[in-house]
Protein chains: 2
Amino acid sequence: MVSKKATVYDEFEASLLENPEIRKEYEALKPKYEMIQKLIERRNKLNMSQTQLAKIIGTKQPAISRLERGDYNTTLGTLFKVASALDMDLEISLKANGETKSTRDKVSA
Amino acid sequence: MVSKKATVYDEFEASLLENPEIRKEYEALKPKYEMIQKLIERRNKLNMSQTQLAKIIGTKQPAISRLERGDYNTTLGTLFKVASALDMDLEISLKANGETKSTRDKVSA
DNA sequence: TGACAATATAACATATATGTGATATATTAG
DNA sequence: CTAATATATCACATATATGTTATATTGTCA
């Protein structure tokens, strides 16, 4: 299912990642693509076509294609819709960093 | 800091939740509001004003106000920007439901 | 090979998220 | 109370996510 181009691409990707700026962009986008990857794999596992998924969500196939190609900035609402249609659980976790500092502040007493 | 209206609202909210349809909507929106609540609490803990936060992510105070009021459907991109400006870690988890079923299917043998 | 299904792409319309200034309304400090 | 600061609201412009049709490309199967 995966063409041999993958090997060539891997080399290309590796060379790109030697550039710090590109690497930073890549790291930032990685979660996005991993998420999309999960959506695609799930849809395939369910033997569902883009057209079928689109119908469930109330849109058309090209919209699903764009979403899976990751060429735009999805809304939380559509993300929930897609996850729901694929019978997936979507959770968003927000955690504050560097909270241990506050403990040290109170230690003195 | 919280007005006494909260008590009145709590009763109002409780009465609304007796309606199954409204309750369903509420359950669906709950994660959204919990997320927003975390963002607001974090901003306050950092003693940061909406204006300051807005400046960091390159926008204006009213945009932050709208976001915190939850009256629209945020984009993943802006969500990441805000979380980053508040030094928070944003994680999105996608899990397929009903996977335990496959186990039972294999039990018979 | 040709027919068929799935996906990608292009082009455009529409809805809406976002940017932004002006202003109103808290909220707090003095 | 007044002044100052923070937040909410309004109104509008702009950017872009989404809807949608037509078509191209790809992959599979006979």
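Lettering of chains follows the sequences in order, A, B, ..., and the numbering in each one begins at 1.
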> Are Leu76(B) and Ile92(B) side-chain neighbours, meaning at least one heavy-atom pair lies under 4.5 Å?
Replying inline: yes

> Are any side-chain N or O atoms of Asn73(B) and backbone N or O atoms of Thr75(A), one a donor and one an acceptor, separated by less than 3.5 Å?
Replying inline: no

> Between Leu67(B) (CG) and dT9(D) (C1'), how many Å, whole number?
Replying inline: 16 Å

>> Nearest to the side chain of Lys60(B), heavy atoms from C-beta on, is which of dA8(C), dT20(D), dG21(C)?
In response: dG21(C)

> CE of Met48(B) versus C1' of dT5(D): gap in Å, rounded?
Replying inline: 17 Å

>> Determine whether Glu34(A) and Leu94(B) satisfy the following criterion, side chain to side chain contact (heavy atoms under 4.5 Å, CB included), listing intermediate values before the conclusion.
In response: CA-CA 10 Å; Glu34(A) 286 178 346; Leu94(B) 260 181; over 6 Å; no

> Taking it one step at a time, do Gln52(A) and Leu46(A) satisfy side chain to side chain contact (heavy atoms under 4.5 Å, CB included)?
Replying inline: CA-CA 11 Å; Gln52(A) 290 173 308; Leu46(A) 295 177; over 6 Å; no

> How bent is the helix from dT1(C)-dA30(D) to dG30(C)-dC1(D), comparing axes over its five end pairs at each side, to the nearest 10°?
Replying inline: 40°

>> Looking at Gln61(B) and dA8(D), is any side-chain donor or acceptor paired with a base atom of the opposite kind under 3.5 Å?
In response: yes

>> Do Ile36(A) and Thr74(A) have side chains that approach each other closer than 4.5 Å (heavy atoms only, starting at C-beta)?
In response: no

>> Could you check whether any side-chain heavy atom of Gln50(B) comes within less than 4.5 Å of a side-chain heavy atom of Arg43(B), counting everything from C-beta outward?
In response: yes

>> Both Ser49(A) and Thr75(B) contact DNA chain C. Which one's nearest nucleotide lies toward the 5' end?
In response: Ser49(A)

> Taking N and O atoms by type only, does the side chain of Gln50(A) place a donor or acceptor under 3.5 Å from a partner on the base of dA8(C)?
Replying inline: no

>> Expressed as a whole number of angstroms, how long is the span from Gln52(B):CD to dT5(D):C1'?
In response: 11 Å

> Quick one: Asn44(A) CG to dA5(C) C1', roughly how many Å, whole number?
Replying inline: 14 Å

>> Check Lys95(B) with Glu91(A), please: is the shortest side-chain N to carboxylate O separation under 4.0 Å?
In response: no

> For Thr59(B) and dG19(C), is the shortest distance between a side-chain N/O and OP1 or OP2 below 4.0 Å?
Replying inline: yes

> Between dA11(C) atom P and Asp71(A) atom CG, what is the distance in whole Å?
Replying inline: 15 Å

> For dA6(C), does OP1 or OP2 lie under 4.0 Å from any side-chain N or O of Arg43(A)?
Replying inline: no

>> Counting primed atoms plus P, OP1 and OP2 as sugar-phosphate and everything else as base, spell out the protein contacts along nucleotides 11-16 of chain D at 4.0 Å heavy-atom distance: B, S or - for each nucleotide, 5' to 3'.
In response: ------

>> Rounding to an integer number of Å, can you tell me how far Glu68(B) CD sits from dT18(C) P?
In response: 14 Å

> Under a 4.5 Å cut-off applied to non-hydrogen side-chain atoms, are Leu39(A) and Met88(A) in contact?
Replying inline: yes

> Can you check the Lys32(A) NZ to dA17(D) P distance for me, whole Å?
Replying inline: 8 Å

>> So if I take every side-chain heavy atom of Ala63(B) and compare against dG19(C), dT7(C), dA22(C), which nucleotide ends up nearest?
In response: dG19(C)

> Rounded to the Å, how far apart are Leu53(B) CG and dT18(C) P?
Replying inline: 13 Å

> Are any of Arg69(B)'s side-chain N or O atoms less than 4.0 Å away from OP1 or OP2 of dA8(D)?
Replying inline: no

>> The criterion is side chain to side chain donor-acceptor pair (under 3.5 Å); which residues satisfy it with Asp89(A), sequence neighbours excluded?
In response: none

>> Could you tell me if the side chain of Pro62(B) sits less than 4.5 Å from the side chain of Arg66(B), heavy atoms only?
In response: no

